[in-house]
Amino acid sequence: MEQDQHGTRPPNERPRRGKPPSSPAPSAHPPAPSSPLPSQARRRTTARPVRGARPAQPQVRRLPDPRLTGLGSGLFCIATMFLLGCLDQLLFGASPTVYGVLFLPVCVLTALWVRAGDVLTAPVVVPIAFAVGLLPVAEGGGGPAGRLMGLVTGLATQAGWLYGGTLVAGVLVLVRRVRWVRRRRRRG
C-alpha cells in the first residue's frame, strides 16, 4: 500500500546553483504545431521582480576574502614561507632581515583568511611555517647536520621576527574569535 505525503512547499523547478542546466522542463502550454518559435521564446516576457533582490548597484572591486580551513591555512602559510625563503636566497643572498619582514604579512594573511571555526590554528601554524621557510635561508655547512645547525642558529638569531609574527597572528585571531563568539551569542 502506497501512502502519499503532502508537501508544504511547491516543487522548485529551477536548477541548483553550481549545477549545469539540464534539458528544459516540460512547458505547461504545449507548443503550437505551426509555431516557428521554440518554447523558450513563447514564454512570458514581462519582467517580474525577484524576491530579495536588491536594486542594481555599481560593482565595487573588493579584496579577496578566502576562507581557509585549518589545514588549508597551514599549507598556505608553509608553502608561502618556503617560496619566500627560496626567493630571499636567490634575490637577496639569504638575508634573514628580509625574510623576517616578509614573514609578518604572511602571518597577517594567515590569521585573516582562516575560517572562524578554525581560527585558533593560525598561531600554531605560523611558527612552523617560519621554520620551514628558514631552511633555504639558513647558513649551513655540508650535509644534513650542518643544515640542521644552520636552522637552529637561524631560529635563535631571528627569534624576534618569529615572536613578533606569532604575536600579530595571535592578537588578530583573538579579536576575530571574540567577535565570532559575541555574534553567536546574539543570534541564539
Side-chain angles (χ1 to χ4, degrees), residues 15-20 54 56-188:
R16 290 184 178 176
R17 274 187 266 159
K19 210 176 170 188
R54 296 181 196 150
Q57 295 175 353
Q59 290 290 328
V60 178
R61 192 162 173 93
R62 300 184 74 184
L63 292 175
D65 190 24
R67 288 293 169 223
L68 302 172
T69 63
L71 177 63
S73 66
L75 291 174
F76 162 76
C77 192
I78 289 170
T80 303
M81 287 312 301
F82 185 76
L83 290 174
L84 288 175
C86 291
L87 282 174
D88 182 26
Q89 170 70 24
L90 289 172
L91 300 177
F92 301 106
S95 169
T97 305
V98 171
Y99 180 75
V101 169
L102 293 174
F103 176 63
L104 296 177
V106 173
C107 292
V108 170
L109 290 177
T110 302
L112 292 178
W113 285 354
V114 69
R115 305 187 301 189
D118 296 331
V119 77
L120 297 177
T121 60
V124 174
V125 167
V126 164
I128 296 169
F130 186 86
V132 169
L134 200 58
L135 286 171
V137 177
E139 296 177 12
R147 191 55 96 172
L148 182 63
M149 286 301 296
L151 178 64
V152 170
T153 304
L155 286 171
T157 59
Q158 301 305 313
W161 293 112
L162 176 61
Y163 292 149
T166 306
L167 180 67
V168 167
V171 168
L172 286 171
V173 159
L174 285 176
V175 168
R176 285 188 61 205
R177 183 69 177 190
V178 167
R179 291 177 67 197
W180 182 67
V181 168
R182 285 183 182 165
R183 237 182 287 132
R184 286 189 71 192
R185 282 186 184 162
R186 269 189 248 134
R187 276 194 240 154

### Query
Which class fits the ring pair Trp113 and Phe76: parallel under 30°, tilted 30 to 60°, perpendicular over 60°?
tilted
### Task
For residues Val125 and Gly74, report the shortest heavy-atom separation together with the two atoms involved.
CG1-CA, 3.2 Å
#### Entry: Nearest-0.5 Å distance, OG1 of residue Thr80 to CG of residue Leu75
10.0 Å
## Note on the structure
From the list Leu68, Thr121, Thr69, side-chain contact (heavy atoms from CB on, under 4.5 Å) partner of Arg115 resolves to Thr69
### Summary
Heavy atoms of Ala131 and Leu151 approach each other most closely as O-CD1, 3.5 Å
Which side-chain N or O atoms in residues 85-95 pair as donor and acceptor under 3.5 Å with protein atoms at least two apart or in another chain?
from, atom 1, to, atom 2, distance (Å)
Asp88, OD1, Ser95, N, 3.3
Asp88, OD2, Ser95, N, 3.4
Ser95, OG, Val98, N, 3.4

### Message
Among Arg182, Arg184, Arg176, which residue satisfies the side-chain contact (heavy atoms from CB on, under 4.5 Å) criterion with Trp180?
### Response
Arg184
### Task
To the nearest 0.5 Å, tell me how far Leu120 CG sits from Leu174 CG.
7.5 Å
### Query
Step by step, would you call Thr166 with Leu162 a side-chain contact (heavy atoms from CB on, under 4.5 Å)?
CA-CA 6 Å; Thr166 306; Leu162 176 61; 4.2 Å; yes
### Task
Dump the intermediate steps for side-chain contact (heavy atoms from CB on, under 4.5 Å) on Phe130 and Val106, then the final yes or no.
CA-CA 10 Å; Phe130 186 86; Val106 173; over 6 Å; no
### Query
Among all residues two or more places apart in sequence or in another chain, which pass the salt bridge (Lys or Arg N to Asp or Glu O under 4.0 Å) test with Arg179?
none
#### Entry: Leu134 versus Tyr99, closest heavy-atom pair with distance
N-OH, 3.2 Å
#### Entry: Heavy-atom pair with the smallest gap, counting every atom of Ala111 and Ala122
CA-CB, 4.0 Å
### Task
Apply the test side-chain contact (heavy atoms from CB on, under 4.5 Å) to residues Gln158 and Phe103: give CA-CA distance (whole Å), side-chain angles for both, the deciding distance (0.1 Å), then the verdict.
CA-CA 11 Å; Gln158 301 305 313; Phe103 176 63; over 6 Å; no
## Note on the structure
Heavy-atom closest pair (Val119 atom, Pro123 atom, distance to 0.1 Å) is O-CD, 3.9 Å
### Query
Sub-3.5 Å donor-acceptor pair from the side chain of Arg147 to the main-chain atoms of Ala138, do we have one?
yes
### Message
So, taking the atom named CG in Leu112 and the one named CZ in Arg67, what distance separates them when rounded to the nearest 0.5 Å?
### Response
7.5 Å
